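Here's the structure we're looking at; comments come further down.
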There are 2 protein chains.
Amino acid sequence: MHITRAVEYGIIGMLYLAGHDRGKVVMIDEISRKEDIPKSFLGKIFQSLTRAGLVNSNRGAGGGFYMARDSDQINILDIIEAVEGKIALQRCLDAATGCSNSDSCALCLLLHDIQETVKQTLANTTLADLAQKHADMKSHKHPQRPLTESVRLPDIRTE
Amino acid sequence: MHITRAVEYGIIGMLYLAGHDRGKVVMIDEISRKEDIPKSFLGKIFQSLTRAGLVNSNRGAGGGFYMARDSDQINILDIIEAVEGKIALQRCLDAATGCSNSDSCALCLLLHDIQETVKQTLANTTLADLAQKHADMKSHKHPQRPLTESVRLPDIRTE
DNA sequence: CTGAATAGGACGAAAAATGTCCGGTTTAAG
DNA sequence: CTTAAACCGGACATTTTTCGTCCTATTCAG
C-alpha cells in the first residue's frame, strides 16, 4: 500500500508547472534537471498527464508542457489516476474483473467503502493547496498545522 | 496503491477465526481448505499475526490458532500492519529513512497527512463490524447501506 | 531542410509479491 | 519414550510489478 515513483514524479512535475505562470511552456528536460528525475521516465509520465488532460503539450522545437487548468482545479487523485489508472484497492474492485469469491464478498464491500474514503481524501487536496504549502516552507514559515485535519469517521452501521 | 494478497488472506483468516467461539483452536489446514488459500502461505501470514499479538498459537499435536482478543478489539489497520509492517505511503515516511529531498518536502508532509487519514479510516473498522456484515450477507439480507459512510473532509488550511 | 522536442511502443533490469520447501521445535497421545 | 501432528523460521523459486531505457515516428520553428 504505497505510492509509486511514477505518481510521486508526476506530482512533483505538476507542482513545478504550477510554480510558473499559467500557460508558460516548460520542457521535460528542464523539469528533469531541476527536480532530479530521470528524463525518459518523466517523459512517459507526462504523456499520461497529457492524455488525461491535466497538461497540454506542444511538439517540435520550442515545445513543452503547460497546465491545462488552474492548479486549484487539479487534485491529487486526478494525478494518481492519470498516471496509474483507476485506483483499485483489490482485484475485486477492478471494474472489468468483478468478484467471484462470494464467500468473502463482505470484504470486497468493505474495501470498496474504504477505497471511496481514500479517494475522497486524495480528491480533497488540490495542486494549489500543495503549491501554497510548498511556497510557505521555502520562505521558512513552516506551518505546524497539518494540511489535512484529523477526521472523526462516523460509526459503522451494518444493518 | 493496493492491498496485497497476504493482507487479504490475513483478513479472511481472522474473519474465519472470528466466526468461531472465542478460544476455539483452529488449524491452518482447515482455514486453508475452507477459504481456498495456499496452506504454506497462510501459515506464514499467521506467523505474523501471532507475532503481532492478534492471535495466539498452540504448537504440537492438536495445536492451531485462536483469537487473542475479541473481534471488536481488532481493526483492519491492526491486521495490515501485522502482515506488511507499518504503512508508509512513501519511502520518505518510512521511519528509518527520513527525508532528504528538501525541495519537495511539502509533498512528504501532504502524503503524511493523507496517510494518517487513510490509517484512521482503516482503524475505524473492526473485525466484528466486518463479521457482522459478512453474516448479514450470508443470510441474504444484503444491506445496501455502505459499511463506511461518506466523509466530508474539512477544508485544507495552509496557514 | 534541419534540429529540437514530444508520442508511443518495445524492451530490459531490479524489486516486490507470492508462494514453496525443509529442517527444527513443541506437544498430545499411545 | 516414541511418534505423529502442528506451528516456527529461514532459504529459496516463480511471477508480477515497478522503474526505467531506447529507438523510431511525428511535429514544428527557424
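Please read all numbers here as calculations on a predicted model, not as lab measurements. Protein chains get the first letters and strands the later ones, always in sequence-line order, with residue 1 at the start of each. Below, all heavy atoms of this structure are taken into account, side chains as well, without hydrogens, waters or symmetry copies.
- The 5' end of DNA chain C is approached more closely, in terms of each residue's nearest nucleotide, by Thr50(A) than by the other of Thr50(A) and Glu84(B).
- When the shell of 6.0 Å around CG of Asp72(B) is examined, it contains more than 12 heavy atoms from other residues, nucleotides or ligands.
- Put simply, Arg5(B) has no side-chain N or O that comes within less than 4.0 Å of OP1 or OP2 on dT16(D).
- At dC19(D), none of the side-chain N or O atoms of Tyr9(A) fall inside 4.0 Å of OP1 or OP2 (strictly under the cut-off).
- Interface residues of residues 36-49 of chain A facing DNA chain D, ordered by number: Pro38(A), Ser40(A), Phe41(A), Lys44(A); criterion, heavy-atom separation under 4.0 Å.
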- B/S/- along nucleotides 22-30 of chain C (protein heavy atoms under 4.0 Å) is --BBBBS--
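- At dC8(D), none of the side-chain N or O atoms of Arg51(B) fall inside 4.0 Å of OP1 or OP2 (strictly under the cut-off).
- Nearest nucleotide to the Thr4(A) side chain, out of dA7(C), dC8(D), dC19(D): dC19(D).
- Donor-acceptor pairing under 3.5 Å is recorded for the side chains of Asp129(A) and Thr126(A).
- With salt bridges taken as basic N to acidic carboxylate O contacts below 4.0 Å, none links Lys34(B) and Asp29(B).
- Remark: Ser57(B) is in phosphate contact with dC8(D), judged by side-chain N or O atoms under 4.0 Å from OP1 or OP2.
- Tyr16(B) and Glu30(B) share a donor-acceptor pair across their side chains, judged by distance under 3.5 Å alone.
- Between Phe46(B) and Phe65(B), the angle of the ring planes lies from 30° to 60°, which puts this pair in the tilted group.
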